[in-house]
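Residues take their numbers from the sequence shown, with the count starting at 1. These numbers come from the heavy atoms of this one structure, side chains and all, not from hydrogens, waters or symmetry mates. Each ligand, and each atom within it, is numbered from 1 in the order the structure gives.
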Amino acid sequence: MVPHQAWTHQDGQLLAQLPNAIRELLDCTTLVIVSNRGPVEFHQTSDGDFVTKRGTGGVITAMSAAARYAEAIWVACAMTSADRLKAEEMRRRGEPFLDLPDLPGFRLRFVVPDPSAYQGYYNRIANPLLWFLQHYLWDTPRAPDIDYRTWQAWHEGYVVVNRLFAEEVVAAAAAVPREPIILLQDYHLYLVPAFIRELRPDLLLHHFVHIPWPDQDYWRLLPLVMRRAICEGLLANDIVGFQTPRHARSFLNTVDANLPDAEVDYRRREVAYRGRITRVRVYPISIDPELVRAVANSEDARRHEEHLQAYRNEFTIVRVDRAEPSKNVVRGFLAYDRLLEAHPELIGRVNFLAFLVPTRMEVAEYINYLDEINAVVGRINAKYANAAEVEGIHWQPVHLFVGDDYPRALAAMRFYDVLLVNAIFDGMNLVAKEGALLNERNGVLILSEGAGAYQQLGQWALTVSPTDIEGTAQALWRGLTMPEAERAWRAEQLRRHVLEHDLRRWLIDQLQDIADLRAERAPHRVAAPS
Ligand code: GDG
């Protein structure tokens, strides 16, 4: 998910504000960003012309910001048939990269797995297995079943595609004139660093994990071979970044439990393994306030805001999420139902607006989850429509907006009285930060303890335990009835925190650690024989 217009080429003003060490680093390096999805998808028009569509997703938005600072190459999977044609054309011409005319500052190199390998990698391992594991989404007596198909998808999908990624990264690194720094993103690519090391032991590898890292015991739901390969893969990096200290600590525990030869230094957050040191660091991701405000102030968003007026009420609750089990959408509606039961005086006076983006519709659990959401909303609306009618009012308590419309989601964030973020587990949760920035009504944030954002914003939010429907109903009531002075104070603290801890800071903290690492290694590099 996420915005469209992220890309501006190296921004002189931004560069000038950077600490010296980072400026020097960026002066002599090319950033090689590696992620499953790239910044654009190619499509072919009916007359055969290629057009590009900007990719969506938190990872893309975040890494697009990097191109404001440095020359950037992006290595990503070909997603469409037009992507594959473009990749073929590039190879035929012997060119290392595709230039993206409407995205100055970026060049692209595609990984082109065959469709069955991609299917295993993405639709059997990355999403149904790793994503579910890392968000504790299983009902463990029933899932996961690691059967021969899972093993096949591991060997012939995840391992194969990760190896392909490594080969493309190495080729990209060889084709840039300046020293490359490799920035790997997320859970699709855990094995890539180890495969890169086999080919290029010298490259500086940095990997950021956007999603939670669960407790080491929970990792036992994955066979030892897989979890060892994942730990070894990540330890081939120089730096591994997580969203919160808890996730970083869990990673160290997982390494300790699964790799007997690894030496884990918890105090320094470092692991020594097979002659290398890997630093484990914490970089809480954030939003780019300028960019978010620009989308929220766009004509499109303003039009939506006007249209959404009709759906507001004396009290308005909003949620914005992918229609994703880890976001806990169904329990949010159950809590709302409970609120209305406990406080019938709210009947006719409160509306719940939910903006949901369908996601991963090729995975059965996601189709079922969207069905469940529709069913619970239908039930609540039917139940209270009757209750309201008795009192002679026409009222629909829940309005569900399903679709991909980022400006509309941001438009809704301006006017909530309560924003509900009750994810079961979440790496960070950018919606909580966008809401804090954009809201104009001193709206109250209800935030799950399981969201990474809780660690930063929890002190000014109303805390909920994600399974506690009763507690969430009470938090909704408290949020809707909170005295104005308290609302204003909390909203101000939230906004201030988000402004001070923005996406730029996320990026700069990582670049600073990379610069420090290079500086420490520089003497060896200079002394090394040519
Ligand atoms: C993963 C991790 C971590 C909303 N509606 C639409 C839309 N959005 C935007 C939101 C927000 C973004 O999408 C969602 O970001 P989240 O952080 O809330 O959640 P994930 O997508 O699960 O992101 C998460 C993040 O990566 C970054 O590291 O915080 O924990 O799970 O900005 O406003 N975007 C589009 N259409 C919409 O209708 N394109």
**Message:** Between Y454 and T463, is there a side-chain donor-acceptor contact under 3.5 Å, judged purely by atom types and distance?
**Reply:** yes
**Message:** For the residue pair H304 / E306, report whether a side-chain donor-acceptor contact shorter than 3.5 Å exists.
**Reply:** no
Element-labelled atoms of ligand 1 that are located less than 4.0 Å from some non-hydrogen atom of [X]:
| X | answer |
| --- | --- |
| A409 | 4 (C), 5 (N) |
| D404 | 35 (C), 36 (N), 37 (C), 38 (O), 39 (N) |
| Q243 | 3 (C), 28 (O) |
| G403 | 38 (O) |
| H210 | 27 (C), 28 (O) |

**Prompt:** Quick one: does NZ or CZ of K86 land under 6.0 Å from the six-membered ring centre of F110, within 45 degrees of the ring axis?
**Reply:** no
**Asked** Within 45° of the axis and under 6.0 Å from the centre of the six-membered ring of W460, does NZ or CZ of R496 qualify?
**Response** no
Is any N or O atom of [X], backbone or side chain, closer than 3.5 Å to an N or O atom of ligand 1?
| X | answer |
| --- | --- |
| G427 | yes |
| V320 | no |
| N429 | yes |

**Selection from M428, R408, K327, R322 by shortest heavy-atom distance to atom 19 (O) of ligand 1** = K327
**Prompt:** Nearest heavy atom to atom 6 (C) of ligand 1: which of V59, V357, T359 does it belong to?
**Reply:** V357
**Message:** Side chain, backbone, both or neither: which applies to Y283 and ligand 1 if a contact is any heavy-atom pair less than 4.0 Å apart?
**Reply:** neither
**Asked** Where does I285 meet ligand 1, judged by heavy-atom distances below 4.0 Å: at the side chain, the backbone, both, or neither?
**Response** side chain
**Request:** Decide whether the shortest distance between a heavy atom of W131 and an atom of ligand 1 is less than 4.0 Å.
**Result:** yes
[X] ring center near [Y] ring center (under 6.0 Å):
| X | Y | value |
| --- | --- | --- |
| Y283 | W506 | no |
| H399 | Y311 | yes |
| F208 | H210 | yes |

**Asked** Less than 4.0 Å between a side-chain N and a carboxylate O, is that true for R302 and E305?
**Response** yes
**Prompt:** Would you find more than 12 non-hydrogen atoms of other residues, nucleotides or ligands less than 6.0 Å from R312 atom CZ?
**Reply:** yes
